[in-house]
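Worth knowing before you read on, the calculation uses all heavy atoms, side chains too, and leaves out hydrogens, waters and symmetry mates. Throughout, protein chains are lettered first and strands after them, A, B, ... in sequence-line order, and every chain is numbered starting at 1. Since we're looking at a predicted model, the values are computed, not measured.
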Amino acid sequence: MRAGRIVEVEAYGGPEDRASHARSGRTARNAAMWGPPGSAYVYRVYGMHDCLNVVTGPSGTASAILVRAVEPLAGLERIRAARADHAPAGRRVVRADPGAVVARLARIPDVRLASGPALVAVAFSVSRSDDGADLLDPGGSLRLEAAPAGEPALAVAVGPRVGVAYAGEPWAGLAWRFWAAGHVSVSAGRGSAGR
DNA sequence: AGTTGGATGGTCT
DNA sequence: GACCATCCAACTG
């Protein structure tokens, strides 16, 4: 079993949100965004990366929470195996030295194995076949669970969403990204504001 | 340590 | 035909 704690998310709305995939209305790609709360919306970006969202609004309305980073807590071996086995979708350019890839993965600390939206999907083997899945089903292979009772709450920082400048204002500037303040597992990409 | 460019193809214009 | 809710490698300093 693999498990982790979500430490960074972004909120996306319906057709009115110019940064949301729902901005062009309902299509085959984004149909899951109109699904019931607690279901998954999984999409592919840049032709190679899959990303996991949790639908939050009532059925018939579009919404999604993008899971941007997870702190791995259990199943580290399996998470590393998933990272090692992962072949970038459709890649044609062969890596010069496969050994270098293994060495690079070995240098990544446990806490940073799922520090990015596409990395979350790889670490937990989420793919587009999970699109529409019920994440609240206790028997499901991919589940969203409440934090254990008594676990101290994390301080939450807020800021603008990453990579949505094209949407223009007010959408690009909305502070709809939420992360655990100062947490090591938060993503730190180019467009990202970091921890 | 920080910055830049390449990969890649489905989706929408 | 252009864009894209990203990641990694290869640079520069």
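- Nearest-nucleotide mapping onto DNA chain C: of A100(A) and H21(A), the residue sitting toward the 5' end is H21(A).
- Here the side chain of D17(A) pairs no donor or acceptor atom with the backbone of G14(A) at under 3.5 angstrom.
- Judged purely by atom type and a 3.5 angstrom limit, S185(A) has no side-chain atom pairing as donor or acceptor with the backbone of R112(A).
- In this structure, S20(A) does not reach the dA5(C) phosphate: none of its side-chain N or O atoms is under 4.0 Å from OP1 or OP2.
- Distance, R161(A) CZ to dC4(C) C1': 15 Å, rounded to whole Å.
- Proximity of R23(A) to the phosphate of dC12(B): no side-chain N or O atom is located under 4.0 Å from OP1 or OP2.
- Dashed line: the shortest gap from a side-chain N or O of Y166(A) to OP1 or OP2 of dA5(C) is under 4.0 Å.
- Taking the charged nitrogens against the carboxylate oxygens, R23(A) and E16(A) have no contact shorter than 4.0 Å, which rules out a salt bridge.
- Of the candidates dC8(C), dT6(C), dA7(B), the closest approach to any side-chain atom of M48(A) belongs to dA7(B).
- Side-chain atoms of H49(A) lie closest to dC7(C) of the nucleotides dC7(C), dA5(C), dA9(C).
- The strand DNA chain B forms stems, runs of 3 or more Watson-Crick or G-U wobble pairs with distances below 3.5 Å, at B:1-7 with C:6-12, B:9-12 with C:1-4.
- Between T27(A) and dT11(B) there is no side-chain polar atom (N or O) within less than 4.0 angstrom of OP1 or OP2.
- At dA5(C), none of the side-chain N or O atoms of R68(A) fall inside 4.0 Å of OP1 or OP2 (strictly under the cut-off).
- Among the protein residues, A19(A) comes within range of the nucleic acid bases, having at least one heavy atom under 4.0 Å from a base atom.
- Protein atom CG of D50(A) is 14 Å distant from nucleotide atom P of dA5(C), rounded to whole Å.
- Ring-plane geometry between Y46(A) and H49(A) is classed as perpendicular, the angle between the planes exceeding 60 degrees on a 0 to 90 degree scale with a lower cut at 30.
- Side-chain N/O atoms of R83(A) include one lying less than 4.0 angstrom from OP1 or OP2 on dC8(C).
- Counted by atom type alone, R78(A) and S125(A) present zero donor-acceptor pairs between their side chains at under 3.5 Å.
- For S24(A), counting side-chain heavy atoms from C-beta on, the closest listed nucleotide (dA5(C), dA9(C), dC12(B)) is dC12(B).
- Looking only at distances, no side-chain donor or acceptor of D50(A) sits under 3.5 Å from a matching main-chain atom of S127(A).
- With hydrogens and angles ignored, no donor-acceptor pair closer than 3.5 Å exists between the side chain of Y46(A) and the base of dA7(B).
- Between Y43(A) and H21(A), the distance from one ring center to the other falls under 6.0 angstrom.
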